[in-house]
2 protein chains.
Amino acid sequence: MGRWEPDAAGRLARAALELYSERGFDQTTALDIAERAGVTERTFFRHFADKREVLFDGSSALLNAVVASIAAAPEASKPLDVMGQAMQSGTALLEERRDHARLRAVAIAAHPSLQERELLKMSTLGEASAEALRARGVPSPAAELAADAGVAVFGRGFEAWIAPGETRTLAECIGDALAELRRLTA
Amino acid sequence: MGRWEPDAAGRLARAALELYSERGFDQTTALDIAERAGVTERTFFRHFADKREVLFDGSSALLNAVVASIAAAPEASKPLDVMGQAMQSGTALLEERRDHARLRAVAIAAHPSLQERELLKMSTLGEASAEALRARGVPSPAAELAADAGVAVFGRGFEAWIAPGETRTLAECIGDALAELRRLTA
């Protein structure tokens with residue numbers, strides 16, 4: 001690392017979101033983002049592989065929290081309970097950032113290429129969750145279906161959480177989505 | 001349309017799959033695919049927006065079958081039963097093409113850009129299903145969660161169906177995945 005750049009990744013993520021909102025994803029370069037954040041283009045690429053990735057700064061932290069929670073769940077827990085708990089455990093990173101999450105969702109919805117990257121992140125979260133469930137001895141396809149259900153519950157809970165006027169926490173929105181899924185399949 | 005080109009879309013899809021398998025996605029151009037299929041590049045772009053889209057030839061037919069099935073379900077049917085039936089109704093287009101589906105899955109797994117496009121198609125199927133459920137009077141978020149569950153059951157059923165040595169039909173694989181999901185949430 002060169003000169004001191006406190007929270008360069010966070011500043012780059014905020015700068016990217018501002019620029020995508022102001023002028024659009026296609027009209028923004030990695031250099032533009034770096035300049036807005038007050039760092040060099042080289043620093044941008046030290047943190048992010050491309051200008052899509054910069055909006056998904058927190059996704060590996062979320063995935064790690066979810067996988068760790070699945071691994072640490074009590075042995076007797078049922079797969080869907082394990083997934084519900086794991087998805088809620090990942091929310092601590094997000095609860096304080098609802099306004100940022102709203103702006104980010106608008107930017108992603110505006111560009112198919114960003115939607116695709118988001119879907120890939122959610123799919124990766126699902127596959128990692130399924131693997132962590134199999135490592136606990138949950139057989140296929142129960143492991144994969146429980147993981148998919150967990151990701152769906154996270155996604156729909158997140159959607160509710162960023163809706164205008166919503167006051168529940170993200171963890172509550174996810175818990176309510178899981179309860180709704182149970183009612184549907186009963 | 002210019003000269004007579006029987007099933008140009010089907011021939012282009014088969015040619016693309018051959019070329020992606022032989023030399024890889026990045027090393028194949030739309031012109032290469034058109035030449036292999038015996039049509040012009042112009043014909044390629046009359047049928048497909050880009051060289052990713054050519055592998056997703058059947059996705060709008062699947063979506064239409066699913067949405068039509070949701071709309072036609074008996075009024076008293078529960079959302080998840082409606083989704084299970086709808087997902088199975090889309091399989092008629094696929095049952096005879098298991099070997100093609102296997103080759104296609106290998107080609108998609110080999111390239112992140114194709115994985116992203118597949119995820120976008122599945123997401124589109126989920127959103128269209130949720131909309132069709134809401135049109136039946138299913139409230140949010142039950143409609144969205146039932147749609148997500150249906151898409152997960154389709155995806156995991158499809159995965160099982162193309163596994164080596166699998167003899168169940170796609171409709172059976174989907175039915176078994178739905179039964180497994182019900183056991184998980186019970």
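A, B, ... follow the sequence lines: proteins, then strands. Residue 1 opens every chain.
- A salt bridge between B:Glu53 and B:Lys51 is absent, with no side-chain N of the basic residue lying under 4.0 Å from a carboxylate O of the acidic one.
- Comparing A:Glu118, A:Lys78, A:Arg182, A:Arg156 by heavy-atom pairs within less than 4.5 Å of chain B, the highest count is held by A:Arg156.
- At a threshold of 4.0 Å, the pair B:Glu131-B:Arg136 does not count as salt-bridged, since none of the basic side-chain nitrogens sits closer than that to a carboxylate oxygen.
- Between chain B and the residues A:Gln115, A:Glu159, A:Glu180, the largest count of heavy-atom pairs under 4.5 Å involves A:Glu180.
- Both the backbone and the side chain of B:Arg117 come within contact range of chain A, with heavy atoms under 4.5 Å apart.
- For A:Arg104 and A:Asp57, the salt-bridge test fails: no basic side-chain N is under 4.0 Å from an acidic carboxylate O.
- No other option in A:Pro79, A:Ala152, A:Ala142 has as many heavy-atom pairs under 4.5 Å with chain B as A:Ala142.
- Using a 4.0 Å cut-off between charged side-chain N and carboxylate O, A:Arg52 and B:Glu116 make a salt bridge.
- Among A:Met122, A:Glu144, A:Arg183, the residue making the largest number of heavy-atom pairs under 4.5 Å with chain B is A:Glu144.
- Ranking B:Leu80, B:Leu181, B:Asp81, B:Asp148 against chain A, the residue ahead of the rest is B:Asp148, based on heavy-atom pairs under 4.5 Å.
- Taking a 6.0 Å sphere around CD of B:Glu96, one finds it holds 12 or fewer heavy atoms contributed by other residues, nucleotides or ligands.
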